[in-house]
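What follows is one structure encoded as structure tokens, with my remarks underneath.
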Amino acid sequence: MSNYTRESHTVETPDGVKLSTRVFKPKEEIKDNNLVIVLVHPYSVLGGCQALLKGMASGLADKGYRAVTFDMRGVAGSTGSASLTGFAEVKDVVAVCNWVSQNLSSDKILLVGSSAGAPIAGSAVDQIEQVVGYVSLGYPFGMMASILFGRHHKAILQSPKQKLFVMGTRDGFTSVKQLKNKLQSAAGRNETHLIEGVSHFEMEGPAYDAQMEFRGRVGFHAV
């Protein structure tokens, strides 16, 4: 039997997009009443959706933390249209975080982005006062991915907020060297966690949900 409950909500953005949103709550005691972890799914254009983050969100709730997932615009039950570069989706992240702050009485949000969700979440970090930390799961810093997401890099690299970058050493979009080079110029406190021998899409799979959830908890214990 699971130790969490799941609620469905609709969050509306300032430009009128309605986002299908799920809240995962522990059945027992909440470990931090002020903290909520908001998870941002992979690239919508390639089939990314909140269902991919269910394992991680439920794992966090099982361990006493509230977690929120949502479908960005143009995905599944959400209205609107997906964008190629993810800049429209930044509005979705901001809207969900504002909703979380107002409706879940949270003044601490840990923002977690998976794959293309990492640059999108990264661009939202400093637009939301309540965000106290950021976790990237497979940020696509590489040359080819930068054609789409390169204009997002500056926002997260210049943010003074605490950041944790998790990546497989066989990530096909970003090499370990590229990750380290990018973080040399990053502001604030930055940490990395490399998962040996794991590729980008392996890390997104359910076999690694427990590790991703573990890294998320390590990230927010320090905030």
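Counting from 1, the numbers follow the sequence of the chain as shown. Predicted model, so just to flag it, every value in this text is computed and none were measured.
From Lys163, atom NZ reaches atom OG of Ser136 across 11.5 Å, with rounding to the nearest 0.5 Å. Separation of atoms CG (Leu39) and NE2 (His41) is listed at 11.0 Å; rounding is to 0.5 Å. The CG atom of Leu53 sits 10.5 Å away from atom CG of Leu60, with the distance rounded to the nearest 0.5 Å. The CG atom of Asp171 sits 10.0 Å away from atom CG of Leu194, with the distance rounded to the nearest 0.5 Å. To the nearest 0.5 Å, atom OG of residue Ser146 and atom CD of residue Gln178 are 7.5 Å apart. The line from CD1 of Ile120 to CD1 of Ile156 is 13.0 Å long, rounded to the nearest 0.5 Å.
Taking the six-membered ring where the residue is Trp, Trp99 and His9 present tilted rings, their angle falling between 30° and 60°. Taking the six-membered ring for Trp and thresholds of 30 and 60 degrees, Phe141 and Phe165 have ring planes inclined between 30 and 60 degrees apart. In this structure, Tyr43 and Phe149 have perpendicular ring planes: the angle between them is above 60°, well past the 30° mark.
Criterion: ILVMFWY side-chain heavy atoms under 4.5 Å apart, direct or through other members. Under it, Leu46 and Leu52 are not part of a common hydrophobic cluster. Cluster membership for Val112 and Leu164, using ILVMFWY side-chain heavy atoms within less than 4.5 angstrom, is shared. Using a 4.5 Å cut-off between side-chain heavy atoms of Ile, Leu, Val, Met, Phe, Trp and Tyr, with links allowed through other members, Val135 and Tyr65 fall into the same hydrophobic cluster.
For His193 and Glu191, the side-chain atoms include no donor-acceptor pair closer than 3.5 Å. Side-chain contact annotation: His200 with Ser115, donor-acceptor N/O pair under 3.5 Å present. Gln130 and Asp107 are not linked by any side-chain donor-acceptor pair at a separation below 3.5 angstrom, with hydrogens and angles left out of the test.
Residues Val125 and Ser159 approach most closely at CG1-OG, 3.6 Å, considering heavy atoms. The two atoms that bring Val93 and Ala124 nearest to each other are CG1-CB, 3.6 Å, heavy atoms only. Scanning all heavy atoms of the two residues, the minimum distance from Arg66 to Pro26 falls at CG-CD, 3.9 Å. Scanning all heavy atoms of the two residues, the minimum distance from Ile128 to Val94 falls at CD1-CA, 3.9 Å. Shown here for Pro14 and Ala95, the closest heavy-atom pair between the two residues is CD-CB, 4.4 Å. Of all the heavy atoms in Asp71 and Ala76, the pair that sits closest is OD2-CB, 3.4 Å.
No more than 12 heavy atoms of other residues, nucleotides or ligands lie within 6.0 Å of CD in Glu28, so this atom counts as exposed by the packing criterion. The environment of CD in Gln127 is crowded: more than 12 heavy-atom neighbours from other residues, nucleotides or ligands sit within 6.0 Å.
Side chain of Ser123 to backbone of Phe87: no donor-acceptor contact under 3.5 angstrom is found. Counting only distance, with no hydrogens or angles, the side chain of Glu89 and the backbone of Ala82 share no donor-acceptor pair below 3.5 Å. Side-chain atoms of Ser20 do not come within 3.5 Å of backbone N or O of Ser78 as any donor-acceptor pair. Formation of a donor-acceptor pair under 3.5 Å by the Lys161 side chain with backbone atoms of Val131 is found in this model. At least one donor-acceptor pair under 3.5 Å links the side chain of Ser101 to the backbone N or O of Ser106.
Using a 4.5 Å heavy-atom threshold, the side chains of Lys54 and Arg22 count as separate. At a threshold of 4.5 Å between non-hydrogen side-chain atoms, the residues Thr5 and Lys27 count as touching. Residues Thr192 and Met167 have side chains not in contact (no heavy-atom distance under 4.5 Å, counting atoms from C-beta outward). Residues Thr69 and Val23 are not in side-chain contact: their nearest non-hydrogen atoms beyond the backbone lie 4.5 Å or more apart. Side-chain contact check for Asn181 versus Lys177: some heavy-atom pair is nearer than 4.5 Å. Using a 4.5 Å heavy-atom threshold, the side chains of Asp92 and Phe70 count as touching. A 4.5 Å side-chain heavy-atom check between Cys97 and Leu111 finds at least one atom pair inside the cut-off. The side-chain heavy atoms of Val90 and His152, taken from C-beta on, include a pair separated by under 4.5 Å.
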Next on the checklist: Under the criterion side chain to side chain contact (heavy atoms under 4.5 Å, CB included), I'd like the reasoning laid out for Leu137 against Met56: C-alpha separation, chi angles, the key distance, then a yes or no.
Outcome noted: CA-CA 12 Å; Leu137 308 177; Met56 199 186 317; 3.6 Å; yes
- Chi angles and distances behind the side chain to side chain contact (heavy atoms under 4.5 Å, CB included) call for Met72, Val40: CA-CA 8 Å; Met72 289 186 276; Val40 184; 3.9 Å; yes
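Between Phe201 and Phe173, the ring centre distance stays below 6.0 Å.
Checked against Lys25 for a side-chain contact (heavy atoms from CB on, under 4.5 Å), the options Val68, Ile30, Leu104, Val36 give a single hit: Leu104.
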